[in-house]
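In what follows, a single structure is set out as structure tokens and then discussed.
Count residues from 1 along the sequence. Since the model is a prediction, treat every value here as computed from it, not as a measurement. No hydrogens, no waters, no symmetry mates; every other heavy atom, side chains included, goes into these values.
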Amino acid sequence: GGQSFKEWSFGGRAGVVVAPTVLVYALVSRPQIQYASATFNGIGVGGGVDVQLTKNWAVGMEYRHETFDTIFPGANAREDTIGARLTFRVDVPKLQ
């Protein structure tokens with residue numbers, strides 16, 4: 001059989017609107033990786049930018065740096081990711 005692998009994180013972000021359609025933000029997260037029988041806890045920091053193109057469309061880019069503890073004393077594992085997204089927001093009528 002193969003090895004099991006799970007990765008998840010939770011966190012938050014806070015930002016500043018620097019132009020009417022541009023949000024710049026910083027983020028912090030608490031990731032965890034489970035591989036086989038080992039669990040690695042980490043801390044993540046980063047930032048990004050979101051740009052509203054139209055009422056329903058937005059684009060964004062984000063950088064995240066995560067550092068994890070390891071089973072080896074004095075050693076750390078890290079992961080750097082850069083992501084891009086295209087978002088479409090659906091208008092939902094308000095309930096009366």
#### Entry: Contacts of type side-chain hydrogen bond (donor to acceptor under 3.5 Å, both in side chains), residue Tyr35, not counting sequence neighbours
none

### Query
Which pair of heavy atoms, one from Ile33 and one from Phe5, lies closest together, and at what distance?
CG2-CE1, 3.6 Å

### Within residues 27-41 or reaching into it, pairs that qualify as salt bridge (charged side-chain N to carboxylate O under 4.0 Å, His left out) - sequence neighbours excluded
none

### Task
Just do the side chain to side chain contact (heavy atoms under 4.5 Å, CB included) check on Ile43 and Val28 with the steps written out, would you?
CA-CA 7 Å; Ile43 185 75; Val28 63; 4.2 Å; yes

Using residues 10-17 as the side-chain source, report each donor-acceptor pair under 3.5 Å to any protein atom, sequence neighbours left out, with the distance given to one decimal.
unit_1	atom_1	unit_2	atom_2	d
Arg13	NH1	Tyr25	OH	3.3
Arg13	NH1	Asp50	OD2	3.4
Arg13	NH2	Asp50	OD2	3.1

### Pairing residues for Leu53 by the side-chain contact (heavy atoms from CB on, under 4.5 Å) criterion, not counting sequence neighbours
Val51, Trp57, Val59

### Task
Examine distances only and state if a side-chain atom of Asn56 and a backbone atom of Arg89 form a donor-acceptor pair shorter than 3.5 Å.
yes

### Message
Tell me which pairs pass salt bridge (charged side-chain N to carboxylate O under 4.0 Å, His left out) where either residue lies in residues 40-49, with sequence neighbours left out.
### Response
none

#### Entry: Which residues share a side-chain contact (heavy atoms from CB on, under 4.5 Å) with Gln34, sequence neighbours left out
Lys6, Gln32, Thr39

### Query
With sequence neighbours left out, what residues match Glu79 under side-chain hydrogen bond (donor to acceptor under 3.5 Å, both in side chains)?
none

### Query
Arg78 and Asp80: which non-hydrogen atoms are nearest, and at how many Å?
NE-OD2, 3.5 Å

### Query
Looking at residues at least two apart in the chain, or sitting in another chain, which of them share a salt bridge (Lys or Arg N to Asp or Glu O under 4.0 Å) with Lys55?
Asp91

### Message
According to side-chain hydrogen bond (donor to acceptor under 3.5 Å, both in side chains), who are the partners of Ser9, at least two apart in sequence or on a separate chain?
### Response
none

### Message
Evaluate Phe68 against Asn41 for side chain to side chain contact (heavy atoms under 4.5 Å, CB included), listing each step before the verdict.
### Response
CA-CA 5 Å; Phe68 296 88; Asn41 295 302; over 6 Å; no

### Message
Quick check on the hydrophobic clustering: are Leu27 and Ile82 connected, directly or via other members, by side-chain heavy-atom contacts under 4.5 Å?
### Response
no

### Query
Between Gly44 and Pro31, which heavy-atom pair has the shortest distance, and what is it?
N-CD, 3.9 Å

### Query
For the hydrophobic clusters of this structure (ILVMFWY residues joined by side-chain heavy atoms under 4.5 Å, transitively), does one cluster hold both Leu23 and Val18?
no

